[in-house]
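Reading through the structure tokens given below for one structure.
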2 protein chains.
Amino acid sequence: MESQDLKKAGLKATLPRLKILKFLEASQVRHMSAEDVYKAMLENGDEVGLATIYRVLTQFEAAGLVTRHHFDEGHSMFELNQGSHHDHILCVKCGRVDEFMDPVIEEQQHKIAEAKGYEMTDHALYIYGICPNCRKSGKK
Amino acid sequence: MESQDLKKAGLKATLPRLKILKFLEASQVRHMSAEDVYKAMLENGDEVGLATIYRVLTQFEAAGLVTRHHFDEGHSMFELNQGSHHDHILCVKCGRVDEFMDPVIEEQQHKIAEAKGYEMTDHALYIYGICPNCRKSGKK
DNA sequence: GTTGGAAATGCGAAACTCTATCATTTCACT
DNA sequence: AGTGAAATGATAGAGTTTCGCATTTCCAAC
């Protein structure tokens, strides 16, 4: 009963919110824009207004249910929070996204923030490159 | 004669491009959006169309003269390439931007890319936090 | 120096993502 | 079931960036 998850997050268990949460959980694609979610749900027969998708994803983010990423300028990508924290490495040719977690980097970031007198609240790390497949096929 | 710099970068030495390059070099502010550049140049009496600012900054980026940053969603920030590579730490309260360079992190990134089979082309690292000033004044 | 043509510019319109407005509907609680 | 608060949906609007095209500028050859 996902409605419990929403209540726990401080959100009223409305039909659109439930549909979106279920959709994210069922999706094979881990990273999606609001537009992606909107279109995919439409095809699924679940009609939810685009404005609602944006609102709900923002609320989910505030509630810690999803994370918002800025892989590239222009639009936000959302990822359901499951499993543990990780950063991303992206292919500039095909858009493929892989995940990694590096304790050394995580620790260094805290050290840097401390050295600069900052209280660290968040961080974003993206490595861009050419993925194994694209290197092999040698696409320009 | 900055026109040499442009020629070297493979760009025709036009008046707007020269003006923009000179402006960036003279500016005390290191990070600016296209709109920032446009307005500041207007006040300076250098009128260059906004579309041209966007085009030229994008060309400068391709030529390696400037770097484009995505500090937050919504708009790109540009920085003239002078001095060496560095990453950024940003205050979420006041927008202050500091720079740092950490050899350990740089090296780890290459290792990660290699381990994942990627050919690394670029990376972006932003640490977000509360800067010393904002911590002292305890602003919410 | 002129001049011819390619390249760049400037303007407005348009694309794109995201937010605001507000009438209507839905949820939760008696 | 009834009621009030909150959420939704549709559309308009805001903000950033790009596009299309007429005009201007650069530059190299005469």
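In what follows, chains carry the letters A, B, and so on, assigned in the order in which the sequence lines appear, proteins first and then strands, with residues in each chain numbered from 1.
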Once each nucleotide of nucleotides 7-23 of chain D is scored for protein heavy atoms under 4.0 Å, what B/S/- sequence comes out, 5' to 3'?
-> SBBB-----SBBBB---
Can you find a pair of side-chain heavy atoms, one from [X] and one from [Y], that are under 4.5 Å apart?
X: A:L24; Y: A:F78; value: no
X: B:E119; Y: A:R135; value: yes
X: B:E99; Y: B:D87; value: no

Just how far, in rounded Å, is [atom2] of [N] from [atom1] of [X]?
X: A:K7; N: D:dA6; atom1: NZ; atom2: C1'; result: 14 Å
X: A:H70; N: C:dT17; atom1: NE2; atom2: P; result: 15 Å
X: B:L18; N: C:dT9; atom1: CG; atom2: P; result: 10 Å
X: B:D46; N: C:dG10; atom1: CG; atom2: C1'; result: 16 Å
X: A:D36; N: C:dC18; atom1: CG; atom2: P; result: 10 Å

Answer yes if the side chains of A:T52 and A:R55 hold a donor-acceptor pair under 3.5 Å, and no otherwise.
-> yes
Pair B:R17-B:S3, side-chain donor/acceptor within less than 3.5 Å | no
Does B:N44 use its side chain to pair, donor to acceptor, with the backbone of B:D46 at less than 3.5 Å?
-> no
